[in-house]
Asks: 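Just passing along the structure, written as structure tokens.
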Amino acid sequence: MYTYNTSLISPYCDNGYYLSSKFCFNYIQEVAGRREMNMKTGIPHLLKENMSWVFLSTHIDIYKKPYWMTPLKLVTTGYHPEGIIVKRRVKCTDDKDDLIFKSDSYFAVVSADGNKHHIINPSVVTDRNTDADPLEVAPDDFYPRFKKFNAANLHRISMKKYEILQSDCDINGHVNNLRYSAVMIDNLPGEDFSKGMDVCSMDILF
């Protein structure tokens with residue numbers, strides 16, 4: 001189990017100064033990366049052994065929209081191989097211990113030998129250090145403060161061509177996995193967001 005204490009920064013907020021749903025994914029990736037760096041199994045460490053982590057998928061449920069500067073506590077746990085993949089759970093709470101979001105994600109360890117990528121048995125990394133038992137998530141005894149999207153507006157969604165920019169790329173030199181979530185959310189009807197509607201659950205498969 002690894003804990004990361006931070007606070008909500010303004011670039012992650014919407015125009016009402018509340019956490020924008022598309023940036024929850026950034027926290028998931030950040031706490032995972034910090035945990036691995038802390039355990040010396042981060043991507044910079046693995047690249048020295050011609051290996052790297054790959055983010056495969058995530059499911060996220062968002063329960064509350066914290067305000068700008070709210071203290072946040074992120075706890076990640078799991079790290080137990082399930083076949084060729086590694087499952088990780090992240091729970092984010094605020095200073096009132098209210099659940100902001102929780103997610104279950106899957107990662108894989110791959111070779112980093114040029115274009116000859118292949119999945120490696122994760123035990124070569126996970127055997128170096130292990131977490132405690134998976135995190136017990138608090139009961140969902142409150143309802144998210146969200147309104148539903150207006151289904152009548154969804155027919156206006158159309159296919160758009162998106163050009164990859166330098167700012168979309170991460171420290172590995174490719175498009176940051178979590179940029180895709182932002183692009184998808186940005187293609188939802190903007191007028192619905194302005195009326196207080198937001199995404200409260202999402203699945204991403206890479």
Asks: Is there a donor in the side chain of T70 and an acceptor in the side chain of D94, or the other way round, less than 3.5 Å apart?
Replies: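 Distance-only check fails for T70 and D94.
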Asks: I'd like to know whether K73 forms a salt bridge (charged side-chain N to carboxylate O under 4.0 Å, His left out) with D95, so could you lay out the CA-CA distance, the side-chain angles of the two residues, the decisive distance to 0.1 Å, and finally the verdict.
Replies: CA-CA 8 Å; K73 176 183 178 181; D95 51 337; over 6 Å; no
Asks: Testing F23, Y12, Y17 for ring pair (Phe, Tyr, Trp, His ring centres under 6.0 Å) with W68, which one passes?
Replies: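 Checked F23, Y12, Y17 against W68; only one passes ring pair (Phe, Tyr, Trp, His ring centres under 6.0 Å): Y17.
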Asks: Let me know which of C24, S201, S103 forms a side chain to side chain contact (heavy atoms under 4.5 Å, CB included) with D61.
Replies: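 Testing D61 for a side chain to side chain contact (heavy atoms under 4.5 Å, CB included) against C24, S201, S103 leaves exactly one candidate, S201.
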Asks: Measure the shortest side-chain to side-chain distance between V75 and M1 over non-hydrogen atoms and say whether it is less than 4.5 angstrom.
Replies: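 A side-chain contact exists here, since the closest heavy-atom pair is under 4.5 Å.
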Asks: Any non-hydrogen side-chain atom of Y27 less than 4.5 Å from a side-chain atom of I100?
Replies: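 No, every pair of side-chain atoms sits at 4.5 Å or beyond.
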Asks: Less than 3.5 Å apart, any donor N or O on the side chain of H59 or D104 sitting next to an acceptor on the other?
Replies: no
Asks: Less than 4.5 Å apart, any side-chain heavy atom of L72 and any of T93?
Replies: no
Asks: Judged by atom type as modelled, is there a donor-acceptor pair below 3.5 Å linking the side chain of N26 to the main-chain atoms of Q29?
Replies: no
Asks: Are side-chain heavy atoms of K91 and F101 found at a separation under 4.5 Å?
Replies: no
Asks: My understanding is that only one of R35, E30, R89, R88 makes a side-chain hydrogen bond (donor to acceptor under 3.5 Å, both in side chains) with T76; could you say which?
Replies: R88
Asks: How are the rings of W53 and F107 set to each other: parallel, tilted or perpendicular (split at 30° and 60°)?
Replies: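 Ring orientation of W53 relative to F107: perpendicular.
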Asks: Is it the case that atom OH in Y67 sees more than 12 heavy atoms from other parts of the structure closer than 6.0 Å?
Replies: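 Above 12, so yes.
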